[in-house]
Amino acid sequence: MPVLPDHVIRRLATEHGMIEPFVETQKREGVISYGLSSYGYDARVADDFKIFTNVDSAIVDPKNFNPSSFVDRKQDVCIIPPNSFALAHTIEYFRIPRDVLVICLGKSTYARCGIIVNVTPLEPEWEGQVTIEISNTTPLPARIYAGEGICQFLFLRGEGPPDVSYADKAGKYMGQRGVALPRM
């Protein structure tokens, strides 16, 4: 599975709407970088955050998710409590081609601060804003900056299209906007 280079990502984004809005060059002056890189795309985090809290002693259960497990914040800077995490989403909306699989890695700037980003793979023909889990592994509060880079997506082209894509199986997270909570 070859990793797609910048010129192929650019073509897929501009001619086929793979990433919208698409930032064609990497922006880095005074911000945590985002935009097109040599072999990937650094996405930005939106200003909508769901910060997990234990105020109501809720149990996190993916089969029966309780929204009282978190507090909603819409702000330019999100403070994640020590040893906690938040859900957020990308500003960008992705439309993945049928022969491409996308994996996500955290930004080194955040990783060096003990902040880990987790995103499941973007499957062939999935589309939507990506829900991101941001973990603060430190014993200190951590700042996350909305509108700036949060993670890097790497685009892998398969030997050919799969027999069944995410769209074919009518995946439950298709077309999501904003933070998508666990669904059964």
Side-chain angles (χ1 to χ4, degrees), residues 1-23 26 32-46 48-50 52 60-63 65 70 80 85-111 114-137 144 146 148-184:
M1 281 190 132
V3 177
L4 300 184
D6 52 5
H7 61 93
V8 175
I9 296 168
R10 181 182 297 111
R11 180 176 52 77
L12 290 171
T14 58
E15 295 176 14
H16 302 284
M18 184 173 75
I19 305 168
E20 289 183 313
F22 177 68
V23 178
Q26 200 162 60
I32 297 172
S33 62
Y34 61 90
L36 184 63
S37 63
S38 301
Y39 283 98
Y41 187 86
D42 292 8
R44 295 167 289 172
V45 64
D48 295 316
F49 298 92
K50 294 186 180 299
F52 279 74
V60 177
D61 181 349
K63 290 185 174 184
F65 193 78
F70 57 81
I80 301 177
F85 70 99
L87 294 177
H89 66 87
T90 59
I91 289 173
E92 293 83 359
Y93 189 93
F94 291 83
R95 291 176 189 86
I96 308 307
R98 189 172 182 92
D99 63 346
V100 172
L101 175 73
V102 184
I103 56 174
C104 179
L105 301 169
K107 300 276 297 165
S108 63
T109 300
Y110 279 126
I115 298 166
I116 308 301
V117 173
N118 185 32
V119 173
T120 59
L122 310 185
E123 294 187 40
E125 292 194 319
W126 175 84
E127 72 171 69
Q129 289 177 315
V130 180
T131 297
I132 303 166
E133 186 240 314
I134 307 165
S135 295
N136 176 5
T137 66
I144 306 300
E148 299 187 21
I150 191 68
C151 58
Q152 182 179 56
F153 290 97
L154 303 177
F155 301 81
L156 307 172
R157 177 159 279 142
E159 285 186 23
D163 288 340
V164 180
S165 74
Y166 196 82
D168 294 339
K169 60 184 176 185
K172 60 187 170 186
Y173 298 107
M174 180 63 95
Q176 67 189 28
R177 290 194 181 272
V179 174
L181 297 176
R183 298 175 183 157
M184 284 300 296

(message) One pair to check against side chain to side chain contact (heavy atoms under 4.5 Å, CB included): I9 and M18. What are the steps and the verdict?
(response) CA-CA 8 Å; I9 296 168; M18 184 173 75; 4.0 Å; yes

Are the side chain of [X] and the backbone N or O of [Y] linked by a donor-acceptor pair below 3.5 Å?
X	Y	answer
R98	P161	no
Y173	G128	no
Y110	I144	no
Y166	L122	no
N136	I80	yes
S135	F85	no

For [X] versus [Y], what's the shortest heavy-atom pair and its separation?
X	Y	result
D163	D168	O-OD2, 3.8 Å
C104	C151	SG-CB, 3.4 Å
L105	L154	CD1-CD1, 3.7 Å
P62	P182	O-CB, 3.8 Å
Y93	Q176	CE1-O, 4.0 Å
T90	Q129	O-NE2, 3.5 Å

(request) Check the surroundings of atom CD in E159: do more than 12 heavy atoms from other residues, nucleotides or ligands lie under 6.0 Å from it? (result)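 Atom CD in E159 is not packed in, count stays at 12 or less.
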
Nearest 0.5 angstrom please: [X] [atom1] to [Y] [atom2], how far?
X	Y	atom1	atom2	result
L101	I96	CG	CD1	9.0 Å
L87	I134	CG	CD1	8.5 Å
D48	I91	CG	CD1	10.0 Å
Y39	D6	OH	CG	8.0 Å
T137	I115	OG1	CD1	8.0 Å
H7	L12	NE2	CG	10.5 Å

(message) I'd like to know if K107 pairs up with E148 as an ion pair, taking the criterion as any Lys NZ or Arg NE/NH1/NH2 lying under 4.0 Å from an Asp or Glu carboxylate oxygen.
(response)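 The answer is no: the pair does not qualify as a salt bridge.
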
Check whether any side-chain heavy atom of [X] lies under 4.5 Å from a side-chain heavy atom of [Y], and answer yes or no.
X	Y	value
D99	P124	no
S33	Q152	no
L181	F70	yes

(message) For F94, run the ring-ring contact (aromatic ring centres under 6.0 Å, His included) check against F22, F153, W126 and tell me which one passes.
(response)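 So the option named by the test is F153.
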
(request) May I have the step-by-step check of side chain to side chain contact (heavy atoms under 4.5 Å, CB included) for E15 and R10, ending in yes or no? (result) CA-CA 8 Å; E15 295 176 14; R10 181 182 297 111; over 6 Å; no

